[in-house]
2 protein chains.
Amino acid sequence: MARTQDQRKAETRARLLDAAARLFAVQGIDAVSVDAVADAAGRTSGSIYAHFGSKDALVTAVLDEWKDQVAAVVAAAFEAARDLPTRLDALWASFVDPPDSLGESWVLLEHELWARAVRDPVLREQLAARYANARAAMAVRYDDESDDVDSPASPLDTATLLLALLLGLEMQRRLDPAAVTDDVAVTGLLALLGARRPVESAPTNDGEGSP
Amino acid sequence: MARTQDQRKAETRARLLDAAARLFAVQGIDAVSVDAVADAAGRTSGSIYAHFGSKDALVTAVLDEWKDQVAAVVAAAFEAARDLPTRLDALWASFVDPPDSLGESWVLLEHELWARAVRDPVLREQLAARYANARAAMAVRYDDESDDVDSPASPLDTATLLLALLLGLEMQRRLDPAAVTDDVAVTGLLALLGARRPVESAPTNDGEGSP
DNA sequence: GTCTATAGATTGATAGAC
DNA sequence: GTCTATCAATCTATAGAC
């Protein structure tokens, strides 16, 4: 029956990681107790210490579990459509309205991890590698398109700029959704690639979101 | 002697706010106890409750105290130089290497406040207004330059894009300084304004920062 | 308004049974 | 490996003296 026990062990680990990721994203890591994670996973706090040893180690494990998450998201967005504006729109959509495969608010979890990483050298190196992966994935994808565009920077640098714009726009959108329309996002991404929007000019947005 | 007492009261409030802002930025809000703030300000925890009533109210007060901080930073950066690339470089510098007037790591404090704001409607409205101010300030400044550039979006939308790029680049730079050079930043900002870099082409950065 | 002392609650982590 | 019970530390907030 070792098979069954291994299965249960693996399932417990998976459930703990899943519950932790979801709760961390929604409430913030510091606001979530070890017991809360265990409860949400249908286990007890003891199992967390058996599997991970500490809450910090659990955070590290969550970060590690979704290792190539950002890179995968980026890659998937580019698969979807053919023309550049549509692809960039899909890329932006994966930040704003994520696929079910990731949690609904995976970007919030990224910010939680970032906030810890900038203060913890070990976490920082982990997360830095993740972002480097994401940039590399974008650079490759963007390379396929390179005949269509005329970017002012190298592919990797352009990926850095695209990722930056996505992160910064999503931050502002969380505070004030009306301030960041999809059209503005795509227009900005296109501008970083040295490309202009084709025919139909994007609607402008001079009225601000907040009253 | 009411004068002296009022002075002491005001000074205590100022010291508490200053200590709180600094500690919150460096250690993260949740990692800083009320006692720690009071100690750093040379007072005791009781004074914090006399002045603010709760730790959450202290956070709100910190956010409120630096109300137009981001807008002021943005405005100041544009005053510095005349030609566009130099101005954009100054703008980027205010994020990377802030003036002494702000704390050295005011951007970290902004992220701390953001992380709370996305989960608290009251804080969110406050911070949204602050960002709207910053965008408006940038839009005005950028308007002065509008003959030099050919932005693909409205002034306000362009400000949104510029702010997004600054935020996102700074995030990546905190994780991996080598991945985001000053030249890439300025190149990106210029691209969002529809302008290319003049004569001297920017050094590329194809080797990634992390080993 | 400021300080001291302390209540009240929560949390991360450990020990031991099964 | 998982659970129950519990310890020890920490933190927010309050009460009362000055």
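Throughout, protein chains are lettered first and strands after them, A, B, ... in sequence-line order, and every chain is numbered starting at 1. Excluded from the calculations below are hydrogen atoms, water molecules and symmetry mates; all remaining heavy atoms, backbone and side chain alike, are included.
- In this structure, the nucleotide among C/dT2, D/dT2, D/dT12 sitting nearest to the side chain of B/Asp35 is D/dT12.
- In this structure, A/Arg13 places its CZ atom 12 Å from P of D/dT2, rounding to the nearest Å.
- Electrostatic pairing of B/Arg8 and B/Glu11 does not count as a salt bridge here, judged by no charged N lying under 4.0 Å from a carboxylate O.
- Residues A/Gly46 and A/Ala31 both approach DNA chain C. Their nearest nucleotides, taken by heavy-atom distance, put A/Ala31 toward the 5′ side.
- Counting non-hydrogen atoms under 4.0 angstrom, B/Ser33 reaches the backbone sugars and phosphates but no base.
- Rounded to whole Å, the distance from CZ on B/Arg15 to P on C/dT2 is 11 Å.
- In this structure, A/Lys9 places its NZ atom 15 Å from P of D/dC3, rounding to the nearest Å.
- When each of A/Ser45 and A/Ala50 is assigned the nucleotide of DNA chain D with its nearest heavy atom, A/Ala50 is the one assigned upstream, toward the 5' end.
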*Step by step, would you call B/Ser151 with B/Thr158 a side-chain hydrogen bond (donor to acceptor under 3.5 Å, both in side chains)?*
CA-CA 7 Å; B/Ser151 170; B/Thr158 301; 2.7 Å; yes
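- B/Ile29 has its CD1 atom 16 Å from the C1' atom of D/dT12, to the nearest Å.
- Separating the CG atom of B/Asp30 from the P atom of D/dC11 is a distance of 12 Å, rounded to the nearest angstrom.
- The CZ-C1' distance, from A/Phe52 to D/dG1, rounds to 13 Å in whole Å.
- Here A/Thr12 does not reach the OP1 or OP2 of D/dG1: none of its side-chain N or O atoms lies under 4.0 Å away.
- At whole-Å resolution of the value, CD1 in A/Ile48 and C1' in C/dA15 are 18 Å apart.
- For B/Tyr49, taking side-chain heavy atoms from C-beta onward, the closest of the listed nucleotides D/dT14, D/dC3, C/dC3 is D/dT14.
- Among the nucleotides D/dT2, C/dC3, C/dG1, the one closest to the side chain of B/Thr44 is C/dC3.
- Side-chain proximity of B/His51 to C/dT2, D/dC3, C/dG12: nearest is C/dT2.
- A salt bridge is defined here as a Lys NZ or Arg NE, NH1 or NH2 lying under 4.0 Å from an Asp or Glu carboxylate O, and A/Glu110 with A/Arg174 fails to meet this definition.
- Using a cutoff of 4.0 Å between basic side-chain nitrogens and carboxylate oxygens, A/Asp176 and B/Arg130 are not scored as salt-bridged.
- To the nearest 0.5 Å, atoms CZ (A/Arg116) and CG (A/Leu123) are separated by 8.0 Å.
- Taking atom CG on A/Asp39 and atom P on C/dT11, their separation rounds to 11 Å, with Å as the unit.
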